[in-house]
Amino acid sequence: MAATPKIAIIGSGLGGLSASIHLALAGAKVTVYEQNPNPGGKAGEFQENGFRFDTGPSLLTMPFVLKEIFESAGKNINDYLTLNKLSNLCKYFYPDGSILNAYSDINEFANEIDRTSGDTVGQVRRYFRYCRRIYETAAGLFLFRDFRDPANFFSLPALRTLFLIHRIDPFRTMHGANTSFFSDPRIVQLFDRYATYNGSNPYEAPATLNIIQHVEYALGGYTVTGGIYEVPKSLTKLAKGSGVTFSFNTKIDRIIYRNKSVTAIKTGDRTESYHAIISNVDAGFTYKHLLQNESGKDARRYFKQDPSSSALVFYWGVKGTFNRLEMHNIFFSKNYKTEFDSIFNKHSCPGDPTVYVYISSRINTSDAPPGYENWFVMINTPPDTGQNWDAEIQRMRKIILEKLSSILRTNIGSKIVYERVLSPVSIQQHTGSLGGSLYGISSNSRYSAFLRQPISSRDYRGLYFCGGSTHPGGGIPLVLLSGKLAAAKIMNDYKIGK
Ligand SMILES: Cc1cc2nc3c(=O)[nH]c(=O)nc-3n(C[C@H](O)[C@H](O)[C@H](O)COP(=O)(O)OP(=O)(O)OC[C@H]3O[C@@H](n4cnc5c(N)ncnc54)[C@H](O)[C@@H]3O)c2cc1C
């Protein structure tokens, strides 16, 4: 292609930011259109009444993926971000009153499990060897490559992975595999919880998802000085420095196509032509609203799948300092199976939810006034299918407060001095994720990796996808990888930087 290719990216989520940097560095002319005044999408922040909150992600994993983006621009991540490895990844509170600390050091964690449960150090070590094996077998093909691209799918590494398919344990459920390693139901529940990292149900999702435990414990879980929002902020700075143009407060209404080729984007009464377009918006939303066409092969396949879960988040400014809590805390439900049945089969909020409490002011002291803490309190919910969310918010608020007050032996409701709520409906409004599903389709099927939206559209020439609903999946490192894969595909298709 002779002229410098013009690329539009719809959305400045982490996937869109990653794609923009890689493409600009290769020499493309890149414009990012973002409906909100700020970048980051789900990884946003807000400040009010002396409190600062990260709106979405609270834990960073696979930091090397982020580091590599800075390196590709010839920069050092340490000049932009301070990452802190957590020694205690999460404190778990069980309904029977027992408590378990998930230390990131696997030996320390194994000793903690041995001390507090019916399972042993040896079982934990064996389990983490198994999780590592899944990562070592699957990551190269399923995370770091666009395996749906025939050039990759029919390559030697792909054939090797397919030959070793039994090592990634796709034929058992996560729960089934975890019960084969552990006898104490509390330990099984702890490891089943990792299905929620991509909005799935451990009683249905393939055991391959046990790869996540290797990522979190062996590769490490991190927090960021200043809050997770520093990640999109620093990537936006890097993108601008690499030549990317940003158009904030610009909602794209339509992607224009002719003869199955995308040609332009439309915002208000303005139409801009582009050689290629990346949608960083949820794939379902892209089909329904931006293309207004759900009849293509990718779209039809996409809408046949179950959506991933959504969330209710209460952002609470709380008076007092709660020394029993860590930065990340989980208060488990009594019956995990019933909880997931509610979310995925009954499409209603669970009567006894598992509650996650993240307190960033534990490390970033300026996130709350002295003597106060900023609590991010989240439960998993179904996506919006017309439930009465005002009523659900009130119902869940009461249940959560009763649970936390009983375990922490203090009336938490009376300590709340500030409150804001994020629901599946507001997640869709703020980020465009259909029904507020956090990660596109769920991974409840063993074929989900093959059913996810591919990086490059098979229905429209010039249309590409990145972000949580796209290959390789949701979560900070994976959406950063999806942006890189989308950029690489465009560079190859348009001979950019060659
Ligand atoms: C409550 C919550 C907790 C989470 N916890 C974690 C965690 O601890 N660790 C982790 O790794 N991940 C976590 N995640 C997931 C992680 O945040 C996401 O996977 C990731 O940030 C999504 O990035 P994305 O690239 O898909 O873009 P998104 O964040 O989905 O952004 C899409 C962007 O597109 C914009 N947009 C949409 N429609 C339009 C339009 N028509 N025109 C212009 N712009 C548009 C939106 O405004 C948005 O900025 C969490 C998510 C949530 C919501």
Side-chain angles (χ1 to χ4, degrees), residues 8-20 31-44 53-63 65-66 89-90 196-199 212 215-216 221-224 228-229 231-232 235-236 246-255 265-268 278-283 285-286 288-291 308-315 328 356 358 360 376-381 422-424 426-434 436-440 453 465-470 472-483 486:
I9 300 180
I10 308 173
S12 66
L14 292 169
L17 290 171
S18 162
S20 76
T31 305
V32 176
Y33 293 92
E34 170 55 55
Q35 64 179 2
N36 292 326
N38 298 306
K42 295 185 183 80
F53 292 92
D54 287 311
T55 58
S58 50
L59 184 74
L60 172 72
T61 53
M62 299 168 77
V65 173
L66 188 57
L89 286 164
C90 189
T196 65
Y197 275 36
N198 72 2
I212 302 171
V215 166
E216 186 163 312
Y222 292 76
T223 176
V224 183
I228 292 282
Y229 187 65
V231 175
L235 287 176
T236 304
F246 284 85
S247 181
F248 290 108
N249 296 306
T250 310
K251 184 173 182 188
I252 302 306
D253 301 316
R254 288 291 304 273
I255 296 174
I265 47 112
K266 188 169 182 304
T267 166
I278 301 181
S279 178
N280 176 217
V281 190
D282 178 87
F285 190 93
T286 304
K288 254 188 199 317
H289 301 286
L290 300 181
L291 292 160
S308 56
S309 58
S310 185
L312 265 185
V313 184
F314 295 87
Y315 306 95
H328 301 270
Y356 169 60
Y358 159 57
S360 72
F376 166 111
V377 179
M378 175 177 150
I379 60 164
N380 295 307
T381 70
L422 183 77
S423 71
S426 44
I427 292 172
Q428 166 155 336
Q429 276 160 5
H430 292 308
T431 71
S433 290
L434 219 52
S437 276
L438 296 185
Y439 307 100
Q453 173 60 44
F465 288 85
C466 70
S469 63
T470 306
I476 300 173
L478 300 197
V479 302
L480 294 173
L481 285 170
S482 78

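Atoms within a ligand are numbered from 1 in the order they appear, just like the ligands themselves. Values reported hereafter were calculated over all heavy atoms of this structure, with side chains retained and with hydrogens, waters and symmetry mates removed.
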Do ligand 1 and [X] have nitrogen or oxygen atoms that lie under 3.5 Å from each other?
X: V313; answer: no
X: I10; answer: no
X: I476; answer: yes
X: Q35; answer: yes
X: F285; answer: no
X: L290; answer: no
X: S58; answer: yes
X: T55; answer: no
X: A311; answer: no

Could you tell me whether the side chain of [Y] reaches within less than 4.5 Å of the side chain of [X], counting heavy atoms only?
X: I252; Y: K266; result: no
X: M378; Y: S58; result: no
X: D282; Y: T431; result: no
X: L478; Y: N198; result: no
X: L66; Y: L235; result: yes
X: L14; Y: P232; result: yes
X: I476; Y: T61; result: no
X: I10; Y: I255; result: yes

Can a non-hydrogen atom of [X] be found less than 4.0 Å from any atom of ligand 1?
X: V281; value: yes
X: H430; value: yes
X: G40; value: yes
X: Y439; value: yes
X: T267; value: no

Write out the residue and atom name of the closest protein heavy atom to [atom], then the distance separating them to 0.1 Å.
atom: atom 27 (O) of ligand 1; result: G13 CA, 3.4 Å
atom: atom 9 (N) of ligand 1; result: L59 O, 3.0 Å
atom: atom 23 (O) of ligand 1; result: V479 CG2, 3.7 Å
atom: atom 19 (O) of ligand 1; result: G475 N, 2.9 Å
atom: atom 47 (O) of ligand 1; result: E34 OE2, 2.6 Å
atom: atom 13 (C) of ligand 1; result: P57 CB, 3.5 Å
atom: atom 40 (C) of ligand 1; result: I252 N, 3.7 Å
atom: atom 32 (C) of ligand 1; result: N280 O, 3.7 Å

Numbered atoms and elements of ligand 1 in range of [X], under 4.0 angstrom, heavy atoms:
X: N36; result: 47 (O)
X: L438; result: 53 (C)
X: G41; result: 29 (O), 31 (O), 48 (C), 49 (O)
X: G15; result: 25 (O)
X: T250; result: 42 (N), 43 (C)
X: G467; result: 24 (P), 25 (O), 26 (O)
X: Y33; result: 43 (C), 44 (N)
X: K251; result: 41 (N), 42 (N)

**Request:** Would you sort out whether S310 and I427 count as a side-chain contact (heavy atoms from CB on, under 4.5 Å), showing the intermediate values?
**Result:** CA-CA 8 Å; S310 185; I427 292 172; 3.7 Å; yes
**Fill in**
Nearest non-hydrogen contact to atom 2 (C) of ligand 1 from the set G56, S279, G11, G483 belongs to G56
**Request:** Check for a donor-acceptor pair, side chain of S426 on one end and backbone N or O of L422 on the other, with a separation under 3.5 Å.
**Result:** no
**Prompt:** In terms of side-chain heavy atoms, does D54 have a donor or acceptor partner in Y358 at a distance below 3.5 Å?
**Reply:** yes
**Prompt:** For residues Y356 and T196, is any side-chain donor paired with an opposing acceptor at under 3.5 Å?
**Reply:** no
**Prompt:** Using a heavy-atom cut-off of under 4.0 Å, does the side chain or the backbone of L478 touch ligand 1, or both, or neither?
**Reply:** neither
**Asked** Would you call the rings of F285 and H289 parallel, tilted or perpendicular, where under 30° means parallel and over 60° means perpendicular?
**Response** tilted
**Fill in**
Contacts of S308 meeting side-chain contact (heavy atoms from CB on, under 4.5 Å) (sequence neighbours excluded), chain-then-number -> S437, Y439, S442
**Pairing residues for Y315 by the ring-ring contact (aromatic ring centres under 6.0 Å, His included) criterion, not counting sequence neighbours** = F46, F53, F376
